[in-house]
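Okay, structure first, notes after.
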Amino acid sequence: MTQATNQSWGGRFSEPTDAFVAAFTASIPFDKRLYHHDIRGSIAHATMLAQVGVLTDDERDRIIDGLNAIEAEIERGEVEWSIALEDIHMNIEARLTDKIGITGKKLHTGRSRNDQIATDIRLYLRDEIDAVAAELSRLRSGLIELADREADTIMPGFTHLQTAQPVTFGHHLLAWQEMLTRDHERLLDCRKRVNVLPLGAAALAGTTYPIDRHVTAELLGFDRPSENSLDAVSDRDFAIEFTAFASILLMHLSRMSEEMVLWASAQFDFVDLPDRFCTGSSIMPQKKNPDVPELVRGKTGRVYGHLMSLLTLMKSQPLAYNKDNQEDKEPLFDTLDTVKGCLRAFADMAPALVAKPESMLEAARRGFSTATDLADYLVRAGVAFRDAHEIVGKAVAYGIEQRKDLSEMSLEELKRFSDVIGEDVFEVLTLEGSVAARNHIGGTAPDQVRAAAQRARDALATLQERHHVA
Ligand code: ARG
């Protein structure tokens, strides 16, 4: 056997692997990040093999001690990864054999790299999902508390980005929170399908050793062993599902980002983003740029790209394992890194948004945002809604001409448009009256916002509890 031929499969080869092909086909440059989970999987496998009598207890102990020692070496940065050894599995196995001799070679009994890699990614992704869920909880919780504090703050609500009706800032923040609630549920739903054990499927058909897959599943905290060995080694749905979750989440974060960017502008002036989340300009001394939301908005693109990569990777693949599947890792890893970074930035930043209630109120006043309230008032006084719409339209046209909001007109001026209008009209023309009147579940009234914040707190706690039980 030559130096460049892999020792674990070199037996039937008559010439060494081409140096470029070795580098081209190797996954160690990116799958090395799976080392911890690869070792956990191997320890569980060895434990199960000893339990069913395929390994002696002594062999099992030597293997486990060796693997734990290798993990410590990796963490101290002492292990040099070898391209010739292709991937994380063979790098660790070769190191084990160097350390403990012939017994190291017995670890791979009854398994293949095909079920091993499928197990590693699932273990790794499960831990990462838990980390993502924790950040998502932190962000949701921050938004809920901010919304509660801003339950009375009035701002314009928009449709078509035109001032529509007044809403409360707390209500707007809880709309964001709802998007994230759905993301959180999708994430924990995806976790269920991640948490299934492929190990034991071996290369594709199972193994002739008397393995006990329930034991391995239990040792690794999986809900159950997978049902079908062909499916077990080839399924990457869980990676696609996670990336789909991530794409929708990033779509939501990009919408929030866009609003933060708009709101922080001089033209809107609704919020202040704390300086620590912004940067300056090297040429324009007055600038404070909302880089964090802009970058999160921008990063949405690569996550959508990874979803497309994974879907296309799996398209038309015949059963069972194909080398194509090695291409699942980089998109999945980058999706994880991106999601964790964006969520961390948002969980730190979003609750620190500083509302500017005067400019929000001023903007809500400027846009005739209580026009619908005046129409509803007319309807209550017996005017048909279509007529009321027309009457208020004329009053608005007059207001534009006179540069006056409806609430700034005198009773006499208002009466010119309809004589059913009385002194009590001013109660509905105020912004406070307008938001307070939308007093039903899901409405923008301050009391409703406070109640919704409480329900959101409870729902978050329930979801977290369900997750910890899982
Ligand atoms: N590096 C491979 C992957 O990421 C591990 C499985 C390799 N199996 C094989 N038969 N070449 O998919």
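All ligand and atom numbering here is 1-based and tracks the order in the structure. What you see below is based on every heavy atom in this structure, not just the backbone, and it leaves out hydrogens, waters and symmetry mates.
- Those atoms of ligand 1 that come under 4.0 Å of a heavy atom in S27, given as number and element, are 1 (N).
- When the side-chain contact (heavy atoms from CB on, under 4.5 Å) test is applied to C278, the partners found at least two apart in sequence or on another chain are L273, K288.
- For the pair H184 (side chain) and R140 (backbone), a donor-acceptor distance under 3.5 Å is absent.
- Taking a 4.0 Å cut-off on heavy atoms, K329 registers as neighbouring ligand 1.
- Partners of R12 under the salt bridge (Lys or Arg N to Asp or Glu O under 4.0 Å) rule, at least two apart in sequence or in another chain, do not exist in this structure.
- Of the candidates D87, N114, D31, D324, the one placing a heavy atom closest to atom 10 (N) of ligand 1 is N114.
- Of all protein heavy atoms, the one lying nearest to atom 2 (C) of ligand 1 is Q326 OE1, 3.3 Å.
- Nearest non-hydrogen protein atom to atom 7 (C) of ligand 1 is Y321 OH, 3.5 Å.
- In terms of protein heavy atoms, atom 11 (N) of ligand 1 is closest to R113 NH2, 3.5 Å.
- Taking the six-membered ring for Trp and thresholds of 30 and 60 degrees, F268 and F270 have ring planes more than 60 degrees apart, a perpendicular arrangement.
- Taking the side chain as every heavy atom from C-beta outward, R62 and D58 approach each other to under 4.5 Å.
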